[in-house]
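Data first, discussion second: the structure below is written as C-alpha coordinates.
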Number of protein chains: 2
Amino acid sequence: MARQYNCGLDAAMDVIGGKWKALILWALHTEELRFGELRRAVTGISEKMLIQQLREMESRKIVHREVFRQVPPKVVYSLTPLGRSLNEALLPLGAWGQDNVELLESTAAREPAA
Amino acid sequence: MARQYNCGLDAAMDVIGGKWKALILWALHTEELRFGELRRAVTGISEKMLIQQLREMESRKIVHREVFRQVPPKVVYSLTPLGRSLNEALLPLGAWGQDNVELLESTAAREPAA
DNA sequence: CGGTATCCATCATGATACTG
DNA sequence: CAGTATCATGATGGATACCG
(Lines give C-alpha, C1' and ligand atoms only; values in the text may rest on other atoms or scores of the structure.)
Protein backbone atom coordinates (compact mmCIF):
# COMPACT_ATOMS: atom_id res chain seq x y z
CA MET A 1 0.00 0.00 0.00
CA ALA A 2 2.82 2.38 0.76
CA ARG A 3 4.85 4.26 -1.78
CA GLN A 4 8.42 5.48 -1.74
CA TYR A 5 9.30 9.15 -2.00
CA ASN A 6 12.38 10.57 -3.64
CA CYS A 7 12.74 13.25 -1.00
CA GLY A 8 10.83 15.01 1.74
CA LEU A 9 9.51 17.58 -0.69
CA ASP A 10 8.13 14.82 -2.85
CA ALA A 11 6.28 13.41 0.13
CA ALA A 12 4.95 16.78 1.20
CA MET A 13 3.73 17.59 -2.30
CA ASP A 14 1.88 14.31 -2.35
CA VAL A 15 0.04 15.37 0.77
CA ILE A 16 -1.04 18.86 -0.30
CA GLY A 17 -1.13 18.26 -4.06
CA GLY A 18 -4.20 18.98 -6.13
CA LYS A 19 -6.29 22.09 -6.39
CA TRP A 20 -7.95 22.07 -3.02
CA LYS A 21 -5.97 20.63 -0.11
CA ALA A 22 -3.86 23.70 0.50
CA LEU A 23 -6.97 25.88 0.52
CA ILE A 24 -8.76 23.56 2.92
CA LEU A 25 -5.75 23.51 5.19
CA TRP A 26 -5.65 27.27 5.12
CA ALA A 27 -9.36 27.55 5.86
CA LEU A 28 -8.96 25.34 8.92
CA HIS A 29 -5.75 26.83 10.21
CA THR A 30 -7.38 29.42 12.45
CA GLU A 31 -10.55 27.65 13.54
CA GLU A 32 -12.42 24.40 13.24
CA LEU A 33 -15.31 24.49 10.80
CA ARG A 34 -18.46 22.55 10.09
CA PHE A 35 -18.91 20.93 6.72
CA GLY A 36 -21.16 23.69 5.44
CA GLU A 37 -18.93 26.42 6.75
CA LEU A 38 -15.94 24.82 5.09
CA ARG A 39 -17.87 24.61 1.86
CA ARG A 40 -18.50 28.31 1.93
CA ALA A 41 -14.95 29.08 3.03
CA VAL A 42 -13.39 27.23 0.10
CA THR A 43 -14.88 29.15 -2.79
CA GLY A 44 -15.83 27.14 -5.82
CA ILE A 45 -15.42 23.64 -4.43
CA SER A 46 -18.18 21.09 -4.94
CA GLU A 47 -19.51 18.93 -2.13
CA LYS A 48 -18.03 15.89 -3.74
CA MET A 49 -14.54 17.30 -3.99
CA LEU A 50 -14.68 18.70 -0.49
CA ILE A 51 -15.62 15.34 0.99
CA GLN A 52 -13.07 13.54 -1.12
CA GLN A 53 -10.23 15.87 -0.16
CA LEU A 54 -11.26 15.80 3.50
CA ARG A 55 -11.24 12.01 3.54
CA GLU A 56 -7.77 11.94 2.06
CA MET A 57 -6.51 14.49 4.54
CA GLU A 58 -8.17 12.53 7.33
CA SER A 59 -6.38 9.35 6.30
CA ARG A 60 -3.12 11.31 6.26
CA LYS A 61 -3.82 12.44 9.84
CA ILE A 62 -3.84 16.07 8.73
CA VAL A 63 -7.48 16.66 9.53
CA HIS A 64 -9.64 15.47 12.40
CA ARG A 65 -13.32 14.74 11.88
CA GLU A 66 -15.74 14.81 14.77
CA VAL A 67 -19.37 13.81 14.49
CA PHE A 68 -22.05 15.16 16.81
CA ARG A 69 -24.99 12.80 16.81
CA GLN A 70 -27.87 15.22 16.88
CA VAL A 71 -30.60 16.64 14.72
CA PRO A 72 -29.73 18.34 12.50
CA PRO A 73 -26.45 16.47 11.98
CA LYS A 74 -23.26 18.30 12.83
CA VAL A 75 -19.74 17.40 11.76
CA VAL A 76 -16.75 19.49 12.68
CA TYR A 77 -13.40 19.41 10.97
CA SER A 78 -10.19 20.62 12.54
CA LEU A 79 -6.46 20.31 12.06
CA THR A 80 -4.51 17.66 13.91
CA PRO A 81 -1.12 18.55 15.40
CA LEU A 82 0.42 17.14 12.23
CA GLY A 83 -1.88 19.36 10.19
CA ARG A 84 -0.85 22.38 12.18
CA SER A 85 2.82 21.57 11.69
CA LEU A 86 2.19 21.21 7.97
CA ASN A 87 0.49 24.56 7.91
CA GLU A 88 3.48 26.16 9.56
CA ALA A 89 5.80 24.55 7.05
CA LEU A 90 3.68 26.11 4.32
CA LEU A 91 3.87 29.65 5.69
CA PRO A 92 7.06 30.62 3.80
CA LEU A 93 5.56 29.28 0.59
CA GLY A 94 2.40 31.30 1.10
CA ALA A 95 4.49 34.38 1.79
CA TRP A 96 6.52 33.75 -1.36
CA GLY A 97 3.32 33.49 -3.35
CA GLN A 98 2.05 36.75 -1.94
CA ASP A 99 5.32 38.52 -2.58
CA ASN A 100 5.20 37.50 -6.21
CA VAL A 101 1.48 37.37 -6.83
CA GLU A 102 1.50 39.99 -9.58
CA LEU A 103 4.21 38.28 -11.55
CA LEU A 104 2.58 34.91 -11.05
CA GLU A 105 -0.82 36.11 -12.19
CA SER A 106 0.66 37.72 -15.27
CA THR A 107 2.50 34.54 -16.24
CA ALA A 108 -0.27 32.08 -15.38
CA ALA A 109 -1.11 29.65 -18.12
CA ARG A 110 -4.87 29.33 -18.01
CA GLU A 111 -7.75 31.53 -17.00
CA PRO A 112 -10.37 29.47 -15.11
CA ALA A 113 -13.17 32.04 -14.77
CA ALA A 114 -13.14 35.12 -16.97
CA MET B 1 -4.67 35.53 -19.77
CA ALA B 2 -4.06 36.07 -16.10
CA ARG B 3 -5.89 34.38 -13.29
CA GLN B 4 -6.77 35.47 -9.80
CA TYR B 5 -5.54 33.65 -6.75
CA ASN B 6 -7.38 33.28 -3.49
CA CYS B 7 -4.20 33.67 -1.48
CA GLY B 8 -0.44 33.47 -1.78
CA LEU B 9 -0.43 29.79 -1.08
CA ASP B 10 -2.87 29.25 -3.92
CA ALA B 11 -0.53 31.10 -6.27
CA ALA B 12 2.51 29.18 -5.07
CA MET B 13 0.77 25.85 -5.45
CA ASP B 14 -0.11 26.76 -9.00
CA VAL B 15 3.58 27.28 -9.72
CA ILE B 16 4.92 24.04 -8.26
CA GLY B 17 1.81 21.91 -8.73
CA GLY B 18 1.86 18.62 -10.60
CA LYS B 19 4.07 15.64 -10.14
CA TRP B 20 7.35 17.03 -11.38
CA LYS B 21 8.01 20.71 -10.83
CA ALA B 22 9.10 20.40 -7.24
CA LEU B 23 11.52 17.62 -8.16
CA ILE B 24 12.95 19.62 -11.05
CA LEU B 25 13.39 22.61 -8.80
CA TRP B 26 15.14 20.46 -6.28
CA ALA B 27 17.41 18.93 -8.89
CA LEU B 28 18.48 22.39 -10.05
CA HIS B 29 18.85 23.96 -6.63
CA THR B 30 22.52 23.11 -6.22
CA GLU B 31 23.81 23.26 -9.77
CA GLU B 32 22.76 24.02 -13.31
CA LEU B 33 22.16 20.95 -15.43
CA ARG B 34 22.00 20.04 -19.10
CA PHE B 35 18.83 18.55 -20.48
CA GLY B 36 20.15 15.01 -20.39
CA GLU B 37 21.56 15.40 -16.91
CA LEU B 38 18.26 16.73 -15.69
CA ARG B 39 16.50 13.82 -17.28
CA ARG B 40 18.65 11.40 -15.34
CA ALA B 41 18.38 13.45 -12.16
CA VAL B 42 14.58 13.38 -12.15
CA THR B 43 13.96 9.67 -12.01
CA GLY B 44 11.07 8.38 -14.04
CA ILE B 45 10.22 11.50 -16.01
CA SER B 46 9.70 11.28 -19.77
CA GLU B 47 11.33 13.68 -22.21
CA LYS B 48 7.96 15.13 -23.05
CA MET B 49 7.02 15.87 -19.47
CA LEU B 50 10.46 17.26 -18.70
CA ILE B 51 10.31 19.69 -21.60
CA GLN B 52 6.75 20.62 -20.82
CA GLN B 53 7.45 21.32 -17.17
CA LEU B 54 10.63 23.23 -18.00
CA ARG B 55 8.76 25.44 -20.46
CA GLU B 56 6.14 26.25 -17.87
CA MET B 57 8.76 27.02 -15.25
CA GLU B 58 10.61 29.13 -17.78
CA SER B 59 7.51 31.18 -18.52
CA ARG B 60 7.07 31.63 -14.76
CA LYS B 61 10.64 32.96 -14.56
CA ILE B 62 11.60 30.15 -12.22
CA VAL B 63 14.04 28.52 -14.60
CA HIS B 64 16.54 29.99 -17.02
CA ARG B 65 17.35 28.23 -20.28
CA GLU B 66 20.60 28.88 -22.07
CA VAL B 67 21.42 27.46 -25.48
CA PHE B 68 24.99 26.87 -26.63
CA ARG B 69 25.10 26.76 -30.41
CA GLN B 70 27.57 23.99 -31.01
CA VAL B 71 27.79 20.39 -32.13
CA PRO B 72 26.54 18.41 -30.35
CA PRO B 73 23.84 20.79 -29.11
CA LYS B 74 24.03 21.86 -25.50
CA VAL B 75 21.29 23.43 -23.43
CA VAL B 76 21.75 24.30 -19.80
CA TYR B 77 19.00 24.90 -17.29
CA SER B 78 19.44 26.84 -14.07
CA LEU B 79 17.34 28.57 -11.45
CA THR B 80 16.61 32.27 -11.71
CA PRO B 81 16.76 34.41 -8.57
CA LEU B 82 13.01 33.92 -8.30
CA GLY B 83 13.51 30.20 -8.59
CA ARG B 84 16.08 30.26 -5.84
CA SER B 85 13.76 32.23 -3.58
CA LEU B 86 11.03 29.70 -4.29
CA ASN B 87 13.37 26.89 -3.40
CA GLU B 88 14.13 28.53 -0.09
CA ALA B 89 10.45 28.98 0.61
CA LEU B 90 10.05 25.25 0.04
CA LEU B 91 12.77 24.21 2.48
CA PRO B 92 10.47 23.99 5.53
CA LEU B 93 8.01 21.94 3.55
CA GLY B 94 10.73 19.55 2.47
CA ALA B 95 11.90 19.26 6.05
CA TRP B 96 8.35 18.56 7.18
CA GLY B 97 8.06 15.83 4.61
CA GLN B 98 11.28 14.26 5.76
CA ASP B 99 10.30 14.43 9.38
CA ASN B 100 7.08 12.59 8.65
CA VAL B 101 8.13 10.42 5.74
CA GLU B 102 7.34 7.15 7.47
CA LEU B 103 3.84 8.18 8.44
CA LEU B 104 3.22 9.63 5.00
CA GLU B 105 4.39 6.52 3.21
CA SER B 106 2.24 4.32 5.39
CA THR B 107 -0.85 6.42 4.73
CA ALA B 108 -0.26 7.01 1.02
CA ALA B 109 -3.22 6.22 -1.17
CA ARG B 110 -1.73 4.61 -4.24
CA GLU B 111 1.35 2.57 -5.03
CA PRO B 112 2.85 3.68 -8.37
CA ALA B 113 5.69 1.16 -8.82
CA ALA B 114 5.85 -1.90 -6.59
C1' DC C 1 22.00 15.93 -28.00
C1' DG C 2 17.91 18.03 -27.39
C1' DG C 3 14.18 18.29 -28.68
C1' DT C 4 8.77 17.74 -31.48
C1' DA C 5 4.61 15.46 -32.87
C1' DT C 6 1.00 12.29 -32.33
C1' DC C 7 -1.83 9.26 -30.21
C1' DC C 8 -3.79 7.23 -26.17
C1' DA C 9 -4.88 5.81 -21.14
C1' DT C 10 -5.97 7.46 -16.80
C1' DC C 11 -7.17 10.42 -13.33
C1' DA C 12 -8.78 14.47 -11.30
C1' DT C 13 -12.47 17.37 -11.33
C1' DG C 14 -17.16 18.77 -12.16
C1' DA C 15 -22.59 18.60 -12.71
C1' DT C 16 -26.50 16.73 -11.21
C1' DA C 17 -29.58 14.17 -8.57
C1' DC C 18 -30.66 11.67 -4.54
C1' DT C 19 -30.44 10.02 0.80
C1' DG C 20 -30.31 9.37 6.17
C1' DC D 1 -26.99 19.26 7.44
C1' DA D 2 -23.93 16.31 5.68
C1' DG D 3 -23.25 13.55 2.86
C1' DT D 4 -23.54 9.46 -1.66
C1' DA D 5 -24.11 7.89 -6.37
C1' DT D 6 -23.66 8.31 -11.12
C1' DC D 7 -22.12 10.09 -15.28
C1' DA D 8 -19.39 13.15 -18.12
C1' DT D 9 -15.21 15.71 -19.47
C1' DG D 10 -10.97 17.75 -19.79
C1' DA D 11 -6.44 17.93 -18.05
C1' DT D 12 -2.46 15.15 -17.01
C1' DG D 13 0.81 11.94 -17.89
C1' DG D 14 2.94 8.24 -20.82
C1' DA D 15 4.63 5.51 -25.29
C1' DT D 16 6.39 5.83 -29.46
C1' DA D 17 8.33 7.71 -33.48
C1' DC D 18 10.58 11.30 -35.82
C1' DC D 19 13.56 15.87 -36.63
C1' DG D 20 17.63 19.65 -36.81
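Worth saying up front: this structure is predicted, and the values here are computed from it rather than measured. Note on naming: letters A, B, ... go to the chains in the order of the sequence lines (proteins, then strands), and numbering restarts at 1 for each one.
- B:Q52 has its CD atom 14 Å from the C1' atom of C:dC7, to the nearest Å.
- For B:M49 and C:dT4, the CE to C1' distance is 15 Å, given to the nearest whole Å.
- Taking atom CD of residue B:E58 and atom C1' of nucleotide C:dG3, one finds them 13 Å apart after rounding to whole Å.
- The CZ atom of B:F68 sits 12 Å away from the P atom of C:dG3 (whole-angstrom rounding).
- A straight line from NZ of A:K19 to P of C:dC11 spans 19 Å, rounded to a whole angstrom.
- Counting non-hydrogen atoms of other residues, nucleotides and ligands closer than 6.0 Å to NZ of A:K61 gives a total of 12 or fewer.
- The closest donor-acceptor contact from the side chain of A:R84 to the backbone of A:L79 lies under 3.5 Å.
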For a side-chain contact (heavy atoms from CB on, under 4.5 Å) check, start with the C-alpha distance between B:L104 and A:D14, then their side-chain angles and the critical distance, and finish with the verdict. CA-CA 9 Å; B:L104 298 180; A:D14 192 44; over 6 Å; no
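- Here C:dT4 presents its C1' atom at 14 Å from CG of B:L50, a figure rounded to the nearest Å.
- Rounded to an integer number of Å, the gap from B:I24 CD1 to D:dG13 C1' is 13 Å.
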Scoring nucleotides 2-9 of chain D by protein non-hydrogen atoms under 4.0 Å (B base, S sugar-phosphate only, - none) yields SBB-B---
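- Atom CD of A:E37 is surrounded by more than 12 heavy atoms from other residues, nucleotides or ligands within 6.0 Å.
- No engagement by A:Q70 is indicated, since no non-hydrogen atom pair under 4.0 Å with the nucleic acid exists.
- One atom, CZ of B:R39, and another, C1' of C:dG2, lie 10 Å apart when rounded to the nearest Å.
- If you take CG on B:L28 and OG1 on B:T80, they are separated by 10.5 Å, rounding to the nearest 0.5 Å.
- Heavy-atom minimum distance, A:R60 versus A:V15: NH1-CG2, 3.6 Å.
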